[in-house]
Amino acid sequence: NAGVTQTPKFRILKIGQSMTLQCAQDMNHNYMYWYRQDPGMGLKLIYYSVGAGITDKGEVPNGYNVSRSTTEDFPLRLELAAPSQTSVYFCASSWASGLKHTDTQYFGPGTRLTVL
Amino acid sequence: GESVGLHLPTLSVQEGDNSIINCAYSNSASDYFIWYKQESGKGPQFIIDIRSNMDKRQGQRVTVLLNKTVKHLSLQIAATQPGDSAVYFCAEVPPPGTYKYIFGTGTRLKVLA
């Protein structure tokens with residue numbers, strides 16, 4: 001299993017440009033998450049999904065959009081890039097079964113995004 | 001609000017010594033706790049977890065202790081090696097039926113040769 005994969009690894013955007021960060025997992029996990037990590041800070045949840053076709057906002061969703069058309073893929077879209085979106089973005093996935101415990105989140109290698 | 005925090009932002013340890021990294025949590029209803037290791041330029045990597053009905057769990061060179069009385073979690077690394085240099089952070093996993101993990105900001109472990 002490749003686990004959680006993310007592309008690209010690095011990207012530089014100009015203000016106002018758009019891009020999609022790709023995330024895929026091959027563990028058949030139902031939950032997927034997008035986080036951003038700023039220097040010296042903890043992970044902040046942007047969006048999450050509990051299954052194909054279902055997404056919801058996290059702590060810091062403004063400026064981002066997501067979709068979940070398949071179990072495997074969970075792309076994150078930046079429509080109008082701003083310098084405040086300069087960060088490292090991590091995708092994660094886990095298995096959760098309703099009222100049972102939510103299992104460990106496994107993370108991808110991250111995408112380092114700079115907006116100039 | 002609920003939070004998970006770490007007492008020491010940076011910990012320097014001599015190679016071969018034991019390391020102890022601490023974490024405080026505030027949600028007594030949390031289901032379990034996870035320690036992650038994050039090396040420079042990489043994603044967080046699962047190290048070990050512990051359920052709320054346990055007080056100790058051991059892995060390879062790592063031990064996690066959970067003290068529910070004082071809401072404290074610690075990660076012990078035995079015979080610390082240069083490859084252990086990284087940021088370590090704990091995650092508080094919510095009760096069943098919720099999704100939102102609570103992550104600490106992390107402690108940087110520096111292993112001195």
Side-chain angles (χ1 to χ4, degrees), chain A residues 2-7 9-10 21 23 25 27 29-51 54-61 68 87-112, chain B residues 1-10 21 23-27 29-54 57 59 62 64 73 86-108:
Chain A
V4 180
T5 57
Q6 291 183 241
T7 56
K9 284 185 169 45
F10 304 94
L21 282 67
C23 174
Q25 52 92 10
M27 298 176 281
H29 285 167
N30 52 351
Y31 276 53
M32 295 187 75
Y33 313 80
W34 272 107
Y35 294 93
R36 59 177 288 171
Q37 186 179 45
D38 299 324
M41 305 292 286
L43 294 162
K44 292 185 179 178
L45 183 64
I46 304 172
Y47 270 95
Y48 71 103
S49 168
V50 302
I54 306 170
T55 63
D56 208 346
K57 297 177 180 179
E59 302 170 75
V60 290
R68 184 97 182 270
S87 189
V88 181
Y89 292 84
F90 290 103
C91 179
S93 72
S94 68
W95 172 258
S97 54
L99 292 179
K100 294 185 179 179
H101 66 80
T102 304
D103 212 342
T104 303
Q105 288 188 23
Y106 293 91
F107 287 83
T111 294
R112 188 175 296 274
Chain B
E2 303 289 356
S3 65
V4 171
L6 296 173
H7 300 302
L8 299 174
T10 303
I21 299 171
C23 178
Y25 68 94
S26 56
N27 187 350
S30 290
D31 189 38
Y32 78 118
F33 305 86
I34 304 170
W35 279 102
Y36 286 95
K37 173 185 180 182
Q38 187 174 19
E39 296 176 273
S40 181
K42 296 185 179 180
Q45 177 185 6
F46 169 86
I47 302 174
I48 192 168
D49 62 4
I50 186 167
R51 299 285 168 188
S52 57
N53 62 351
M54 303 171 68
R57 190 168 187 209
V62 294
V64 55
L73 192 69
V87 173
Y88 292 81
F89 59 92
C90 60
E92 183 177 351
V93 182
T98 61
Y99 67 92
K100 187 178 180 297
Y101 286 30
I102 302 170
F103 294 96
T105 54
T107 292
R108 182 174 300 281

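Chain letters run A, B, ... following the sequence lines, proteins first and then strands; every chain starts at 1.
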Tyr36(B) side chain reached by Thr104(A) side chain, heavy atoms, under 4.5 Å:
yes
Ranking Ala92(A), Gly110(A), Pro109(A) by heavy-atom pairs under 4.5 Å to chain B gives rank one to Pro109(A)
Interatomic distance, OH@Tyr106(A) vs CD@Gln45(B), rounded to 0.5 Å, equals 10.5 Å
Taking every heavy-atom pair that is under 4.5 Å apart, which of Met41(A), Lys9(A), Gln37(A) has the most such pairs with chain B?
Gln37(A)
For residues Leu45(A) and Tyr101(B), determine if any side-chain heavy atom of one lies less than 4.5 Å from a side-chain heavy atom of the other.
no
Relative to chain A, which segment of Gln38(B) carries a heavy atom at a distance below 4.5 Å: side chain, backbone, both, or neither?
side chain
Heavy-atom closest pair, residues Phe90(A) and Gly43(B)
CE2-CA, 3.3 Å
Gln6(A) versus chain B, heavy atoms under 4.5 Å apart: side chain, backbone, both or neither?
neither
Side chains of Gln105(A) and Phe103(B): closer than 4.5 Å at any heavy-atom pair?
yes
